[in-house]
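Naming: A, B, ... by sequence-line order, numbering from 1 per chain.
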Amino acid sequence: MTKLNAKIPSGPLAEKWTHYKTDQKLVNPANKRKLDIIVVGTGLAGAAAAASFGEMGFKVKVFCIQDSPRRAHSIAAQGGINAAKNYPNDGDSVYRLFYDTIKGGDYRAREANVYRLAEVSNSIIDQCVAQGVPFAREYSGYLDNRSFGGAQVSRTFYARGQTGQQLLLGAYGALSKEIGLGHVELFHRHEMLDLVLVDGRARGIVARNVVTGELERFAAHAVVLATGGYGNVYFLSTNAMNSNASAAMRAFKRGAYFANPAYVQIHPTCIPVHGDYQSKLTLMSESLRNDGRIWVPKKKEDAERVRKGTMKPIDIPEADRDYYLERRYPAFGNLVPRDVASRAAKERCDAGFGVGNTGLAVYLDFAESIQRLGRNVIEARYGNLFQMYEKIVDENPYETPMMIYPAVHYTMGGLWVDYELQTTIPGLFAAGEANFSDHGANRLGASALMQGLADGYFVLPYTIQNYLADQISVPRFKTDTPEFDEAERKIQFEIDRLLSIKGKQSVDTFHRKLGIIMWENVGMGRNEAGLKLAIEKIQLLREEFWKDVRVVGSKTGVNQELEKALRLIDYLELGELMARDALLRNESCGGHFREEYQTEDGEALRDDQNYKYVSAWEYKPGDVPEKHIEPLNYEFIEVKTRNYKV
Amino acid sequence: MKLTLKIWRQENAKAKGRFETYKLDNISSDCSFLEMLDILNEQLVNDQIKLPVDTISFDHDCREGICGMCSLYINGRPHGPEQGTTVCQLHMRHFKDGDTITIEPWRAGPFPVVKDLMVDRLAFDKIIQAGGFTSVSTGGVPDANAIPIRKEDADLAMDAAACIGCGACVAACKNASAMLFVAAKVSQFALLPQGQIEARERVHAMVAKMDELGFGNCSNTYACEAECPKNISVENIARMNREYFSQAITKANRNQSGGGAG
Ligand SMILES: Cc1cc2nc3c(=O)[nH]c(=O)nc-3n(C[C@H](O)[C@H](O)[C@H](O)COP(=O)(O)OP(=O)(O)OC[C@H]3O[C@@H](n4cnc5c(N)ncnc54)[C@H](O)[C@@H]3O)c2cc1C
Ligand code: SF4
Ligand code: FES
């Protein structure tokens, strides 16, 4: 195990970023024009970075899979974005936002990065308002805030239930402006399939034009990956269908380390799975837990009856209901953090008390709040969510309790990056959900949007210059080099191989099988035997895939089956990496819960002595990946146990 | 339920398209419309030994009604029969056992078919690139609370900004007009102080680009509003027209008052 250097600037916490900016190298305007940057991804992180680079004078090429940059997965974020503005005058500060984020992450994130995130958070809100993002306002005309889990202050800015949409459209506007001006060139419906290194530095990518099917080469002085998270390894998640892990995995295979792959956030309030044709899961905002009470039947017989449909939940008397969160966590009740709430739901369902036709659901009941506050108040607060629920489930949540179940939502792990957001490959940067940087083992609500925009608007525009300053004498690259040839040949070979197998099982069949292995063994509760079994099963599944997958269609023109198959290759490898990481982390922290490591009453048991580090995996061709570590030193805050009981 | 599907198949932009008929059985009414198409595609893959056909290509991503990617024209209506709903949020319980369902791509000159049910909506991006933004660069902006904005205006701006850029309004319009889409963006900025500075340039540049790209004129039939999955109001079109003409007048006035130099 090698120890990694995160290049954290020296000095007091609050001055590190200022020191960095004072000391860093810059590129003068005339030279910027000579430098090319590739940005893969147009979510919050990618769009913000590409627009900012364009404004600064760099020549930028930006890529996205969808037909427009505006469709990136960030568009789906509902709840809000955090910032330390302290507009409500309720005691917030940069330090408090920093502290809450470190604690929420269960003391597994890097102090210096998180502090910087909190420090730039306020500029994000200023920027978005200047762009014309219509945030919610009070009658005074000033911005409104709401509160979210894991915080005692109101620091969340929002735009109805569509905060991600509005922030992304702001960044998309900035990006469009730069495209219109010719500073940024857009390649939509392009999927990056390999990273190209020249003399050990990231110098370009090979992408598949999904309309023509052609492989295209692009060169640049630096490459930024802002390609989102990898939740779709599980097949079913709240991620959009096109969210994938390929860009990160292919960079991993070229030498970028992958950090903390085991850290996955499972969100407690999603609409349960309802059939084996199901393609994705839908999130019901965390805010519902403010007024909804979570319960399951106390008696197994009742649970069985509601599952069969011979009994209705409203007919179960109060005394026969188990409000298990209120019972287990009297102090926080229904508002415990996401990881705690998710595990508790699984525990009840595994014990046979689950509801819904599959038995994998619990009730989220608004009857009491409706009685207390009136239906109109509940409607004003959650009307759009109730409507969405009814559209999908065809049940009226005003009359019968909602059914919810945890689902894969966000991945804290990602490409390892140092303080500059640079990966272990010089010239390759990673931003947004694609990197591992700021959320430790568990992310707080409304902090992903903040991080994506912080990385894109306010961090990369500085740190990338420190790298590019050395590159000004390097002329523009040609793509007819052996390195590009090799990368393209490799992909071509992979595509031909996929199409020639002509097996019996569809791509989705394999993906579903992988999803089940992952969910059962590398999901909410993990243990040594299960993780070992998962590794074994994934290896077998991978072999089976390469023998029996059926990819129809041809390699020219649009072929969505081929697109899915190419992504599945990477999921099949990443799934194993996640299991390995989880197996070697012999403790429970945040979203990573090892059943062997819990307290007597079932709470997570962290091991700071041995595991207060980031694990970063190095790809070894033909061998198992090698684990490296980056020790986490907490200089400025005291490491404590999270407690939500009292 | 049992279904007969008549689906538009078209190899690529240049190829001639045609309808193909498919039968499906055992579809759960809880299944979403796109999941129903997933099942059909799965069936086509499994049938390959018998007859080699390609799966049906269609655009989709979030499947939550927010990304604007899904774009199916079902039984003559963009996004299908349910009001205020994208096709990804449409469920099979809105159809009957034994139904025949016709599925086509958006049909509009500026949105050429890419393959089967997929179209190219780059024209929308180009309209935004022409002026659908404030020209602010990253950094150097005032505090977010420096300029208060009436809540009512902020709410109206949000109503307009809710557009998902799906293009159903264009597909619904017999003239293939993009007025509702453009008006939504123009309105959002017209209602906010941050949008005022470039108001004149914005509305003129966006409208000019829309015309240049071949979108038709608005003849006030309001099919766009009726089919918009986000219920974007045609009041935005009225607001845009006001913007367009008042800004034109200001421009004319300015030209007059500066006239002597001519
Ligand atoms: C339902 C839901 C609700 C959420 N709500 C909130 C919330 O309220 N607050 C909050 O803070 N966070 C929320 N999150 C999390 C947050 O939305 C995401 O973490 C964040 O938006 C990720 O942004 P990103 O820029 O990193 O990546 P994304 O937005 O995922 O963008 C990825 C981009 O990369 C492109 N891409 C990917 N692979 C390739 C490739 N190989 N080649 C070319 N392009 C590629 C895609 O086309 C896309 O443009 C939510 C997430 C979900 C699923
Ligand atoms: S105005 Fe409505 S129909 Fe038109 S693009 Fe926007 S959301 Fe779609
Ligand atoms: S798939 Fe995103 S709106 Fe329908």
K.L.:
Could you tell me which of B:Ser135, B:Ala130, B:Gly195 has the largest number of non-hydrogen atom pairs under 4.5 Å with chain A?
P.N.:
B:Ser135
K.L.:
Side chain, backbone, both or neither: which part of B:Gln188 has a non-hydrogen atom closer than 4.5 Å to chain A?
P.N.:
side chain
K.L.:
Indicate yes or no for a side-chain donor-acceptor contact from A:Glu55 to the backbone of B:Thr138 under 3.5 Å, with no hydrogens or angles considered.
P.N.:
yes
K.L.:
Is a side-chain N or O of A:Gln165 found less than 3.5 angstrom from the main chain of B:Ala162, in a donor-acceptor match?
P.N.:
yes
K.L.:
Under a 4.0 Å threshold between the charged nitrogen and the carboxylate oxygen, would B:Asp120 count as salt-bridged to A:Arg189?
P.N.:
no
K.L.:
For B:Met36, which atoms come within 4.5 Å of any heavy atom of chain A: side chain, backbone, both, or neither?
P.N.:
neither
K.L.:
Is A:Lys391 paired with B:Glu82 through a side-chain N to carboxylate O contact shorter than 4.0 Å?
P.N.:
no
K.L.:
Does one side chain, of A:Ser279 or B:Arg63, offer a donor that lies under 3.5 Å from an acceptor on the other?
P.N.:
yes
K.L.:
Would you indicate whether the side-chain heavy atoms of A:Lys177 and B:Ser137 approach each other to under 4.5 Å?
P.N.:
yes
K.L.:
Are the side chain of B:Glu42 and the backbone of A:Ser506 linked by a donor-acceptor contact shorter than 3.5 Å?
P.N.:
no
K.L.:
Would you call A:Arg71-B:Asp61 a salt bridge at under 4.0 Å N-O?
P.N.:
no
K.L.:
Of the backbone (N, CA, C, O) and the side chain (C-beta and beyond), which part of B:His60 lies under 4.5 Å from a heavy atom of chain A, both, or neither?
P.N.:
both
K.L.:
Checking heavy atoms, do the side chain of A:Ile125, its backbone, both or neither come under 4.5 Å from chain B?
P.N.:
both
